[in-house]
Amino acid sequence: MSSSRRSFLEQAAALSLVYGTDLLGGSQRALAQSMAGMKMGGPQKTTGKPLSQTIGVPRLHVLELPQFVDPLPVPEFIRPAGPHHSLTVTMREIHAKVHRDVPPTRMWSYGPEAIPPVIETRSGQPLQITWENHLPTDHFLPVDYSLHGSGKDVPQVRAVAHLHGAKVQSKYDGYPEDWYPVGQSRTCIYPMQQEAATLWFHDHAMGLNRLNTYAGMVGMLLVRDEKEDALHLPSGKYEVPLVLYDRNFLADGQLFYDTSGDEEHPWISEFFADGLLVNGKIKPYLEVEPRLYRFRVLNTANSRMYVLSLSDDATLTQIGSDQGLLPAPVQQQRVILAAAERADILIDFSKFAGKKLHLRTGATDMLQFRVGTHATSTANNTAPAALPPIVRIPESQAVQTRIIELHEYKDKFQQSMVMLLNRKHWHEPTTEKPKLNSTEIWEFVNLTEDTHPMHIHLVRFQVLDRRPFDQPELLINKKRNYIGDVEKPAPNEMGWKDVVQCPPSTVTRVIMKFEGYPGKYLYHCHILEHEANDMMRPFEVVA
């Protein structure tokens with residue numbers, strides 16, 4: 001990281017201490033560009049009148065709650081059994097405590113707790129999951145019926161599960177229009193013809209996924225393989241999933257989701273909250289031993305980016321990203337995760353016996369580690385010096401380069417109205433039709449002021465580079481003039497990815513092979529509010 005970017009991170013962290021919130025909302029590139037006057041996503045961007053003012057229930061002052069009074073819930077690991085390696089996952093309403101001093105909160109979940117069990121499976125071992133919709137028939141969050149696919153002529157509650165990062169047939173991918181109502185189920189087959197990786201599942205129902213996900217419908221799935229086994233990484237109680245998200249609450253403990261104040265069009269362009277939750281708890285603690293731990297970190301927030309670091313300048317060693325292991329361990333002070341990104345991180349607590357460390361975003365502590373005085377086991381206690389190599393895809397293999405422009409349209413009050421890809425809505429005819437087993441380069445040309453985490457279904461890709469351009473020149477004269485040097489991917493972006501951070505006024509290039517299956521899929525911004533209106537487009541892989 002350059003000294004200027006590091007300086008900006010430190011300045012923003014200081015501001016977050018002053019204002020009691022996390023102002024760090026972008027990638028390293030977005031943060032650096034913010035110094036030049038570009039907009040940075042963060043809780044300072046609020047829209048409209050809070051719903052709590054209309055119903056007379058005060059907001060919960062999350063920042064005033066006692067910190068680190070609840071133990072971190074660690075979800076159990078389940079391994080599908082039987083000849084078909086099948087299991088049933090039930091979508092249901094639950095009530096769970098997010099903090100010792102907060103009444104139980106109504107949530108929707110894929111299991112009996114706020115964070116469902118982690119599904120563990122093996123590469124090459126097909127998995128069959130039946131997703132049952134046992135949710136209530138009425139939604140408890142503000143539905144926007146004006147959004148595409150969300151009219152009053154369809155059930156108010158509908159769902160379809162998407163296994164994010166899975167290479168799977170289109171009919172099992174969780175296509176937004178393949179939703180089903182309460183009382184129905186869907187059985188999906190996941191071949192798992194892919195390497196070890198941190199996958200996750202969430203709702204993808206057209207017009208509702210931002211609300212269903214906010215309600216709590218997220219979970220993690222880990223794929224194992226022989227390459228990962230050979231590294232002898234920390235396992236069992238020394239491998240801990242960390243599911244991150246932010247929420248706002250009313251004083252009675254219930255979830256609060258902001259609206260525009262317009263009852264006909266309650267959609268807002270982004271959502272940021274004061275309550276930072278880890279595995280369903282507000283600022284919990286975890287007792288650890290003075291040894292090496294592996295943390296599988298997942299950002300499931302609707303909009304927020306996390307700038308993760310440890311107190312005492314402790315080092316984070318990242319060994320994996322979205323689609324599996326990196327080609328080499330990366331030691332760093334900060335890991336920046338956009339919505340839907342994952343990081344496989346090792347932390348060595350051996351130097352901190354008897355002390356307390358904090359995992360933080362910016363200057364806001366989220367999780368306290370209480371380090372014990374001795375380790376009960378020294379098995380798998382050494383960080384690997386090397387990781388399996390990754391072959392880079394030569395650009396010469398690409399048979400086509402596609403340009404994907406990111407646009408935002410605002411009204412006269414500078415409020416967002418709609419966000420589009422290549423100026424097209426979801427329902428317009430499909431324009432991207434890559435051939436099966438072909439390799440393509442996609443250039444994401446960001447003409448907005450935000451960093452967008454772009455996700456492409458079915459495939460895994462490699463980040464090629466980024467380069468800033470003159471945005472007014474492109475908008476006015478249709479000419480792409482570059483105004484800076486090509487920036488190669490950061491070391492922790494050199495693995496296989498399925499989400500890429502696309503900073504403003506920058507061309508971000510990725511390369512991928514469309515292998516697996518023909519059929520209809522989609523690509524979209526993973527800021528869920530952007531995706532809902534209407535930064536999401538279909539593509540079709542043709543045989």
Whether Tyr521 side chain and Ser170 backbone form a donor-acceptor pair below 3.5 Å = yes
ask   = Which residue pairs pass the side-chain hydrogen bond (donor to acceptor under 3.5 Å, both in side chains) test with at least one member in residues 208-218, sequence neighbours excluded?
value = His139-Asn212, Asp203-Asn212, Asn209-Glu531, Arg210-Tyr257
request  = Give me the one residue out of Asp450, Asn446, Thr451 that meets side-chain hydrogen bond (donor to acceptor under 3.5 Å, both in side chains) with Thr448.
outcome  = Asn446
ask   = Going by distance alone, is a donor N or O of one side chain under 3.5 Å from an acceptor N or O of the other, for Tyr245 and Arg247?
value = no
key: Short side-chain donor-acceptor distance under 3.5 Å, Glu239 and Tyr293   = no
key: Of His452, His202, His162, His204, the residue whose pairing with His526 passes ring-ring contact (aromatic ring centres under 6.0 Å, His included)   = His202
query = Looking only at heavy atoms, which two atoms of Ile390 and Gly495 are closest? And how far apart?
reply = CD1-CA, 3.7 Å
remark   = With sequence neighbours left out, the residues meeting side chain to side chain donor-acceptor pair (under 3.5 Å) with Asp365 are Arg360
task = Quick one: pull up CH2 in Trp200 and CD1 in Ile119 and give me the separation to the nearest 0.5 Å.
result = 14.0 Å
key: Rounded distance [0.5 Å steps], CG in Leu308 versus CD in Gln318   = 9.5 Å
key: Glu540 with Lys435: basic N within carboxylate O range, under 4.0 Å   = no
inquiry  = If the threshold is 4.0 Å, N to carboxylate O, is there a salt bridge linking Arg224 and Asp229?
reply    = no
ask   = Should Arg294 and Asp344 count as an ion pair when the cut-off is N to O under 4.0 Å?
value = yes
message = Salt bridge check, Glu440 against Lys513: does any charged N sit closer than 4.0 Å to a carboxylate O?
response = no
request  = Please indicate whether Asp485 has more than 12 foreign heavy atoms, meaning atoms of other residues, nucleotides or ligands, lying under 6.0 Å from its CG.
outcome  = no
message = Ser269 vs Glu529, test: side chain to side chain contact (heavy atoms under 4.5 Å, CB included). Steps then yes/no.
response = CA-CA 5 Å; Ser269 61; Glu529 285 72 24; 5.6 Å; no
query = Nearest 0.5 Å, what's the NE2-CG distance between His455 and Asp498?
reply = 5.5 Å
query = Are Lys488 and Glu493 close enough for a salt bridge, meaning some N to O gap below 4.0 Å?
reply = no
query = Atom CE of Met535 and atom NE2 of His530: how far apart are they, to the nearest 0.5 Å?
reply = 6.5 Å
Pair Arg460 + Glu195: basic N to acidic O under 4.0 Å = yes
remark   = In this structure, CG of Leu474 is separated from NZ of Lys479 (nearest 0.5 Å) by 11.5 Å
key: Geometric cation-pi criterion Lys167 and Tyr517, 6.0 Å radius, 45° cone   = no
query = At their closest point, which heavy atom of Asp534 faces which heavy atom of Trp426, and how far apart are they?
reply = OD2-N, 3.0 Å
inquiry  = Evaluate Asp225 against Arg122 for salt bridge (charged side-chain N to carboxylate O under 4.0 Å, His left out), listing each step before the verdict.
reply    = CA-CA 6 Å; Asp225 68 9; Arg122 299 287 303 182; over 6 Å; no
Backbone of Val418 reached by a side-chain donor or acceptor of Ser416 within 3.5 Å = no
request  = Could you grab the distance from atom CG of Leu420 to atom SG of Cys525, nearest 0.5 Å is fine?
outcome  = 12.5 Å
message = We want to know whether His457 and His164 form a side-chain donor-acceptor pair, criterion being a heavy-atom distance below 3.5 angstrom.
response = no
